[in-house]
Peer 1: 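The structure is given below, and queries will be raised subsequently.
Within every chain, numbering begins at 1; the chains are lettered A, B, ... in the order of the sequence lines, protein sequences first and strands thereafter.
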Number of protein chains: 2
Amino acid sequence: MGLAKTEMFTNEQNKISMFAKAFGHPARVAILQHLFKIDTCICGDLVSEIGLAQPTISQHLKELKNLGLIKGNVEGTSVCYCIDKDNWSSMKDIMAQFLDQDISSNSCC
Amino acid sequence: MGLAKTEMFTNEQNKISMFAKAFGHPARVAILQHLFKIDTCICGDLVSEIGLAQPTISQHLKELKNLGLIKGNVEGTSVCYCIDKDNWSSMKDIMAQFLDQDISSNSCC
DNA sequence: TTTATATATCGTAATATTGCAATGAAACAA
DNA sequence: TTGTTTCATTGCAATATTACGATATATAAA
């Protein structure tokens, strides 16, 4: 089917999986890392930085933008991308809640 | 293509995306949350807990096991699953490094 | 041995993802 | 206007993912 049955899960579970899915491709991880590293807006040199074709990068950027993790400002013919800090922050809270679940000492396996 | 060009990315980027991909489905998030909540091994009540068919759950468990995030011990006719705490911990370190990147005050967009 | 129970695996259909060539659109330069 | 540059969109092929029925396997119970 290739189709997740999202209606069976909580909002939180669906949110976590949506963010995780966005990070589930190394190109998107690389894009985000680059945006953090550059630390200021970059204007579309991502194609040369990462080795994928321009339409491919554009598609990955679109996914990250749709999730709200990055913003894009048009500046002349180029577009200026950067991390959406507020949304990144709330994403981090949600992911942390999931990743930092208490691991008790009860061992069994 | 449906095939990520992993050879273009760093080991770290590939690792992050592999873990993230595992969390990229709400059923696997639910499975992991349940394993944390139960806090001790559960033996296959995941199928009733989550509303998916038994082969589907088994498939999700296999993915999590292949990544090392959970362990499964055979106990009679049933299998006892639990979080692999050591591996969960190192996964968390890797993910935290990615998620906690410094967000400077440089705003641009 | 036979039966029941629990889980894994196989096979397959439906859908999603990835990547890119070709093309479009928008702003600027000459 | 006519290029030129930059990025987005379209269309499509290759591959991956998700879900589950059918079946296999393995242990335990009767």
Side-chain angles (χ1 to χ4, degrees), chain A residues 1-9 13-14 17-32 34-35 41-67 70-82 109, chain B residues 1-9 13-14 17-32 34-35 41-67 70-82 109:
Chain A
M1 307 225 148
L3 175 67
K5 295 193 159 177
T6 54
E7 74 281 1
M8 308 176 61
F9 303 99
Q13 287 163 345
N14 283 318
S17 66
M18 279 175 61
F19 285 129
K21 199 183 247 184
F23 304 142
H25 193 290
R28 290 191 290 268
V29 171
I31 287 172
L32 291 164
H34 191 66
L35 288 179
C41 280
I42 59 145
C43 301
D45 52 347
L46 281 165
V47 175
S48 47
E49 188 64 26
I50 300 168
L52 295 168
Q54 180 267 322
T56 308
I57 297 292
S58 190
Q59 199 173 313
H60 284 307
L61 287 168
K62 193 181 177 183
E63 285 179 61
L64 294 172
K65 212 165 95 181
N66 285 344
L67 259 182
I70 64 174
K71 292 188 281 191
N73 262 27
V74 180
E75 280 187 6
T77 59
S78 58
V79 178
C80 178
Y81 283 105
C82 61
C109 300
Chain B
M1 306 227 150
L3 176 67
K5 295 191 161 180
T6 52
E7 75 280 1
M8 308 176 63
F9 303 99
Q13 287 162 344
N14 283 318
S17 66
M18 279 175 61
F19 285 129
K21 198 184 247 183
F23 305 142
H25 193 291
R28 290 190 290 267
V29 171
I31 287 171
L32 291 164
H34 192 65
L35 288 179
C41 279
I42 58 146
C43 302
D45 52 347
L46 281 165
V47 174
S48 48
E49 188 64 26
I50 301 168
L52 295 169
Q54 179 267 322
T56 309
I57 297 291
S58 190
Q59 199 172 313
H60 284 306
L61 285 169
K62 192 181 176 183
E63 286 179 60
L64 294 171
K65 211 165 95 181
N66 285 344
L67 257 183
I70 64 175
K71 290 187 281 190
N73 261 28
V74 180
E75 280 188 4
T77 59
S78 58
V79 178
C80 178
Y81 282 105
C82 63
C109 300

Peer 1: CD1/B:Ile70 to NZ/B:Lys62 distance, rounded to the nearest 0.5 angstrom?
Peer 2: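 So the CD1 of B:Ile70 and the NZ of B:Lys62 are separated by 12.5 Å.
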Peer 1: Cut-off 3.5 Å, no hydrogens considered: what does the side-chain donor-acceptor table look like for residues 19-32 of chain A, sequence neighbours left out?
Peer 2:
| unit_1 | atom_1 | unit_2 | atom_2 | d |
| --- | --- | --- | --- | --- |
| A:His25 | ND1 | A:Ala27 | N | 2.9 |
| A:Arg28 | NE | A:Ala22 | O | 2.7 |
| A:Arg28 | NH1 | A:His60 | ND1 | 2.9 |
| A:Arg28 | NH1 | A:Glu63 | OE1 | 3.2 |
| A:Arg28 | NH1 | A:Glu63 | OE2 | 3.3 |
| A:Arg28 | NH2 | A:Lys21 | O | 3.3 |

Peer 1: Would you write out the dot-bracket form of DNA chain D, 5' to 3', with Watson-Crick and G-U pairs under 3.5 Å, [ ] for crossing pairs, | for pairs to other strands and . for unpaired bases?
Peer 2: ||||||||||||||||||||||||||||||
Peer 1: How long is the straight-line distance from CD of A:Gln13 back to CE of A:Met18, given to the nearest 0.5 Å?
Peer 2: 14.0 Å
Peer 1: Any protein N or O atoms within reach of nucleotides 7-17 of chain D? Criterion: under 3.5 Å, listing atom names and distances.
Peer 2:
| unit_1 | atom_1 | unit_2 | atom_2 | d |
| --- | --- | --- | --- | --- |
| D:dC7 | OP1 | A:Cys43 | O | 3.2 |
| D:dC7 | OP1 | A:Val79 | N | 3.3 |
| D:dC7 | OP2 | A:Gly44 | O | 3.3 |
| D:dA8 | OP1 | A:Tyr81 | OH | 2.3 |
| D:dA8 | OP2 | A:Ser58 | OG | 2.8 |
| D:dA8 | N7 | A:Gln54 | NE2 | 2.6 |
| D:dA8 | N6 | A:Gln54 | OE1 | 3.0 |
| D:dA13 | N1 | B:Met1 | N | 3.4 |
| D:dA14 | N3 | B:Met1 | N | 3.0 |
| D:dA14 | N3 | B:Met1 | O | 2.6 |
| D:dA14 | N3 | B:Gly2 | N | 3.4 |
| D:dT15 | O4' | B:Met1 | O | 2.4 |
| D:dA16 | O4' | B:Gly2 | O | 3.4 |
| D:dT17 | OP1 | B:Lys21 | NZ | 3.4 |
| D:dT17 | O2 | A:Gly2 | N | 3.3 |

Peer 1: Distance check needed: C:dA8 P versus B:Glu75 CD, whole Å only.
Peer 2: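 The answer, rounded to whole Å, is 13 Å.
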Peer 1: Rounded to the nearest Å, what distance is computed from the CE atom of residue A:Met18 to the P atom of nucleotide C:dT17?
Peer 2: 11 Å
Peer 1: For A:Ala27 and for A:Gly76, find the nucleotide of DNA chain C with the closest heavy atom, then tell me which residue's nucleotide is more 5'.
Peer 2: A:Ala27
Peer 1: Say you draw a straight line from OG1 of B:Thr56 to CD1 of B:Ile50; how long is it, rounded to the nearest 0.5 Å?
Peer 2: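 Taking OG1 in B:Thr56 and CD1 in B:Ile50, the distance rounds to 11.0 Å.
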Peer 1: Can you give me the closest heavy-atom contact between B:Asn14 and B:Ser17, atom names plus distance?
Peer 2: O-OG, 2.9 Å
Peer 1: For the CG atom of B:Leu46 and the NE2 atom of B:His34, what is their distance to the nearest 0.5 Å?
Peer 2: 5.5 Å
Peer 1: For B:Leu61 and B:Tyr81, which heavy atoms make the closest approach, and how far apart are they?
Peer 2: CD1-CE1, 3.5 Å
